[in-house]
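Everything below concerns the one structure shown next.
FYI, the numbering just counts along the sequence from 1.
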Amino acid sequence: DWSSDVCSSDLIKEKLERHYNSSSRPLPPLNIGTPVAVQDHSTKKWDRYGTIVHVGNDRDYLVKLASDRVLHHNRHFILKLYTIVPQHQQ
């Protein structure tokens, strides 16, 4: 019966989602236009820099690099960059 297949599929999806979220730590969402660094999967270095151009549904983002290349990454591999503004000394 197709209805029991749909029900079991929903249960499996729910179980996978719980497992996926169980070890995740909450990271603040990023907005479009935010400058970020992207971690290289193989070297683990934060050596790519770009800007958020699209925010997806499940912690996924599109990042446009200076070379105009667009990367699809999970929030875990994206680090928000902050600008340091020197204080004016009198």
Side-chain angles (χ1 to χ4, degrees):
D1 180 54
W2 67 269
S3 62
S4 63
D5 291 342
V6 171
C7 189
S8 66
S9 174
D10 289 343
L11 290 173
I12 291 171
K13 183 178 177 183
E14 189 176 306
K15 183 177 179 181
L16 288 172
E17 186 174 341
R18 269 198 318 270
H19 177 73
Y20 178 75
N21 290 329
S22 67
S23 62
S24 68
R25 61 187 168 113
L27 293 170
L30 300 171
N31 297 320
I32 293 175
T34 304
V36 294
V38 180
Q39 186 180 37
D40 186 299
H41 293 289
S42 59
T43 65
K44 307 293 187 213
K45 293 182 181 180
W46 298 90
D47 57 359
R48 295 180 178 184
Y49 302 95
T51 305
I52 301 291
V53 292
H54 177 75
V55 179
N57 294 331
D58 297 318
R59 297 187 290 258
D60 61 314
Y61 295 84
L62 292 180
V63 179
K64 185 173 184 179
L65 304 179
S67 64
D68 286 336
R69 183 173 180 181
V70 177
L71 303 176
H72 179 257
H73 276 283
N74 185 287
R75 175 65 176 90
H76 178 78
F77 299 101
I78 300 174
L79 184 66
K80 181 177 179 180
L81 296 178
Y82 293 92
T83 304
I84 298 174
V85 179
Q87 292 181 351
H88 181 69
Q89 295 181 355
Q90 295 180 349

Got T34 and I52 here, is their nearest side-chain heavy-atom distance under 4.5 Å?
yes

Tell me, please, which residues at least two apart from K45 pass side chain to side chain contact (heavy atoms under 4.5 Å, CB included).
T43, D47

Interatomic distance, I12 atom CD1 to K15 atom NZ [nearest 0.5 angstrom]:
8.5 Å

Can you list the residues that meet the side-chain hydrogen bond (donor to acceptor under 3.5 Å, both in side chains) rule with R69, with sequence neighbours excluded?
none

With E17, which residues qualify under side chain to side chain contact (heavy atoms under 4.5 Å, CB included), at least two apart?
N21

Other cluster members, W46 - Ile/Leu/Val/Met/Phe/Trp/Tyr, side-chain contacts below 4.5 Å:
L79

Show every ring-ring contact (aromatic ring centres under 6.0 Å, His included) that has at least one partner inside residues 51-73, sequence neighbours left out.
H41-H73

Could you pull out all residues at least two apart from K80 that satisfy salt bridge (charged side-chain N to carboxylate O under 4.0 Å, His left out)?
none

Among Ile, Leu, Val, Met, Phe, Trp and Tyr joined by side-chain contacts under 4.5 Å, find the other residues sharing a cluster with L62 and list them by chain and number.
V53, V70

Should L71 and L65 count as side-chain neighbours, where that means a heavy-atom distance under 4.5 Å?
yes

Are V55 and L30 packed together at the side-chain level, in the sense that at least one heavy-atom pair is separated by less than 4.5 angstrom?
no

Same cluster or not: are I32 and V38 linked, directly or through other Ile, Leu, Val, Met, Phe, Trp or Tyr residues, by side-chain heavy atoms under 4.5 angstrom apart?
yes

With sequence neighbours left out, the residues meeting side-chain hydrogen bond (donor to acceptor under 3.5 Å, both in side chains) with S42 are D40

Atom pair NE2 (H76) and CD (Q39), whose distance is rounded to the nearest 0.5 Å
6.0 Å

My understanding is that a hydrophobic cluster links ILVMFWY residues whose side chain heavy atoms are under 4.5 Å apart, including indirect links. Using that, what else belongs to the cluster containing Y49?
L81

Check: P26 main-chain N/O paired with R75 side-chain donor or acceptor under 3.5 Å:
no

